[in-house]
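Residue numbers begin at 1 in each chain, while the letters A, B, ... track the order of the sequences.
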Protein chains: 2
Amino acid sequence: MADGRTGPVHSGENLLFLTDEQLRQGIEAMFFAYRGFTADPDRILADLAYGRAHHRAVHFIKRAPGTTVNNLLSILGVTKQSLNRVLRTLIEDGLVESRVGKLDKRERHLFLTADGEALEQKLSDAQRSRMRMAFREAGPESVAGFRKVLEAMMDPEMRYAYMRLKDTGS
Amino acid sequence: MADGRTGPVHSGENLLFLTDEQLRQGIEAMFFAYRGFTADPDRILADLAYGRAHHRAVHFIKRAPGTTVNNLLSILGVTKQSLNRVLRTLIEDGLVESRVGKLDKRERHLFLTADGEALEQKLSDAQRSRMRMAFREAGPESVAGFRKVLEAMMDPEMRYAYMRLKDTGS
DNA sequence: AGCTTATGTCAGTGTTGTTGACATTCCAAG
DNA sequence: CTTGGAATGTCAACAACACTGACATAAGCT
């Protein structure tokens with residue numbers, strides 16, 4: 001490690017892609033790419049006095065309509081106080097509807113209103129558009145690799161949540 | 001677009017990887033993976049009363065010792081006032097040294113002290129370790145694709161900054 | 001009846017972004 | 001040489017959004 005390398009020591013395999021230098025480039029790629037990833041929605045949100053937190057909430061309510069607060073909490077990985085602040089404004093502004101559960105009346109099920117759907121559409125159009133360009137430029141094999149690395153990078157619980165959503169959608 | 005698809009319309013090419021569903025999965029993969037990406041450094045920083053911004057500053061000072069505040073600013077994409085707060089605490093705590101420029105005395109050149117190097121090492125070890133596992137699990141072809149997609153996702157300016165750093169390192 | 005779960009709220013704090021104002025330094029035009 | 005503008009960096013105040021801790025309410029469970 002003193003030489004700043006982690007590379008090919010124990011086998012004939014080509015492990016050059018695991019040098020510290022390659023890893024550092026991966027880290028910086030993540031940093032810069034994430035900025036691009038959030039840039040377009042951020043611009044839209046700025047005009048509406050909303051932030052990234054609102055986007056995330058709206059996105060996952062769209063994905064899993066009727067989800068409970070607790071469920072959303074575990075997906076977003078924030079505290080209920082933090083989520084509540086966001087949900088409250090979204091409900092007040094008529095973008096999200098909160099219905100008392102039928103079976104368990106303690107639960108609140110969350111849905112997007114027509115306005116909420118409209119905002120979600122606007123935001124995800126912007127984000128998908130960038131993702132589409134990146135995917136197209138990189139090609140299908142690269143996209144598969146992209147997904148594979150990202151999935152391996154997730155915490156196990158997040159990976160589980162991601163997989164569950166993935167199955168729901170397709 | 002009404003049917004929620006973007007897919008194969010205009011050619012014999014297989015463009016299934018560009019469906020809205022695939023794009024959505026890519027978006028969610030970015031979201032969940034970025035959380036894992038920052039989780040390990042965040043845990044270390046929490047004990048030290050530092051945050052992600054400190055990590056970023058230390059990382060890029062390590063990468064380009066002697067960089068000016070302005071230079072760092074353009075890489076990090078925040079206001080100088082925001083960066084300054086972070087730099088001030090790092091300098092007060094003896095992790096970063098700020099030297100007045102020789103040619104241009106308006107400039108400040110930034111360097112890590114021994115303590116600063118130690119923290120950077122600790123943080124980047126943690127982050128590299130996760131990246132290494134993800135890379136190893138995914139394999140070299142996937143890593144290449146991962147990088148290709150991320151690079152295509154960056155804003156042009158960020159992509160330029162990233163490329164410049166990339167060339168510096170290798 | 002008593003314990004737990006799900007949700008919401010209030011208060012306080014910390015990090016990190018923002019804008020506005022200002023000091024210092026450099027450089028170039030008059 | 002002086003003066004005015006541009007570049008660089010610093011200080012102060014404010015907003016967004018995360019956190020913790022404490023508490024309230026309602027509902028389900030044993």
Side-chain angles (χ1 to χ4, degrees), chain A residues 31 34-35 38-39 41-58 61 66-93 96-111, chain B residues 31 34-35 38-39 41-61 66-93 95-111 123:
Chain A
F31 170 69
Y34 197 77
R35 286 253 297 281
T38 56
D42 280 357
R43 262 188 293 275
I44 296 171
L45 291 160
D47 298 334
L48 303 173
Y50 290 141
R52 235 174 256 182
H54 300 83
H55 180 194
R56 291 196 287 260
V58 165
I61 294 174
T67 185
T68 63
V69 173
N70 240 356
N71 196 341
L72 199 52
L73 232 45
S74 70
I75 289 174
L76 295 177
V78 295
T79 59
K80 63 176 179 175
Q81 294 92 329
S82 195
L83 176 58
N84 191 256
R85 188 183 344 101
V86 168
L87 280 181
R88 195 166 39 202
T89 68
L90 288 174
I91 291 169
E92 280 170 6
D93 296 352
V96 168
E97 193 189 345
S98 162
R99 298 184 205 152
V100 174
K102 282 175 186 168
L103 277 75
D104 188 334
K105 289 179 192 163
R106 293 171 303 178
E107 293 180 340
R108 300 296 135 86
H109 298 280
L110 303 169
F111 299 88
Chain B
F31 172 69
Y34 198 78
R35 287 254 296 280
T38 55
D42 280 357
R43 263 187 292 275
I44 296 171
L45 291 159
D47 298 333
L48 302 173
Y50 288 142
R52 236 174 253 182
H54 299 84
H55 180 192
R56 291 196 285 261
V58 165
H59 174 97
F60 286 108
I61 294 173
T67 186
T68 63
V69 173
N70 232 1
N71 196 338
L72 200 50
L73 231 45
S74 69
I75 289 174
L76 295 177
V78 295
T79 59
K80 59 182 178 173
Q81 296 89 330
S82 191
L83 174 59
N84 188 257
R85 188 180 340 98
V86 168
L87 282 180
R88 192 168 36 197
T89 68
L90 288 172
I91 291 169
E92 280 170 6
D93 296 351
L95 300 179
V96 167
E97 194 189 345
S98 162
R99 298 183 205 153
V100 174
K102 281 173 187 167
L103 276 75
D104 189 334
K105 288 179 192 162
R106 291 172 301 180
E107 293 180 340
R108 300 296 132 89
H109 298 278
L110 303 168
F111 300 88
L123 292 170

Inset, instruction - Could you please spell out the steps behind the side-chain contact (heavy atoms from CB on, under 4.5 Å) verdict for Val58(A) and Tyr50(A)? - result: CA-CA 11 Å; Val58(A) 165; Tyr50(A) 290 141; over 6 Å; no
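Distances shorter than 4.0 Å separate some side-chain N or O of His54(B) from OP1 or OP2 on dT16(C). OP1 or OP2 of dT18(C) lies within a sub-4.0 Å distance of a side-chain N or O belonging to Thr79(B).
Within the 4.5 Å cutoff, side-chain heavy atoms of Ile61(B) are placed close to those of Leu87(B). A heavy-atom distance below 4.5 Å is not found between the side chains of Glu107(B) and Asn70(B).
Among dC19(D), dT25(C), dT16(C), the nucleotide with an atom closest to any side-chain atom of Lys105(B) is dT25(C).
Look at CG on Leu90(B): it is 16 Å from C1' on dG9(D), rounded to the nearest Å. Regarding His55(A), its NE2 atom lies at a distance of 14 Å from the P atom of dA18(D), rounded to whole Å. Counting to the nearest Å, the P atom of dG9(D) and the CZ atom of Arg99(B) are 15 Å from each other. Distance, Leu45(A) CG to dA16(D) C1': 12 Å, rounded to whole Å. Between Leu103(B) atom CG and dC26(C) atom P there is a gap of 10 Å when expressed in whole angstrom units. Distance Leu76(B) CG to dT15(C) C1': 15 Å, rounded to the nearest Å. The separation between Lys102(B) atom NZ and dC26(C) atom C1' is 19 Å, rounded to whole Å. As rounded to whole Å, 24 Å separates atom P of dG17(C) from atom OH of Tyr50(A).
With hydrogens and angles ignored, the 3.5 Å screen pairs a side-chain donor or acceptor of Arg35(A) with a backbone N or O of Leu76(B). Distance alone, capped at 3.5 Å, is enough to place a donor-acceptor pair between the Asp104(B) side chain and the Arg106(B) backbone.
Put simply, the residue from Asn84(A), Thr79(A), Leu83(A) that forms a side chain to side chain contact (heavy atoms under 4.5 Å, CB included) with Gln81(A) is Thr79(A).
Note: Phe31(A) and Phe60(B) have tilted aromatic rings, judged against thresholds of 30 and 60 degrees for the angle between ring planes.
At a threshold of 4.0 angstrom between heavy atoms, the contacts of Arg85(A) include nucleobase atoms, whether or not backbone atoms are also involved.
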Inset, instruction - Take nucleotides 1-12 of chain C nucleotide by nucleotide from the 5' end and write B, S or -, depending on whether a protein heavy atom sits under 4.0 Å from the base, only from the sugar-phosphate, or from neither. - result: ----BSBBBB--
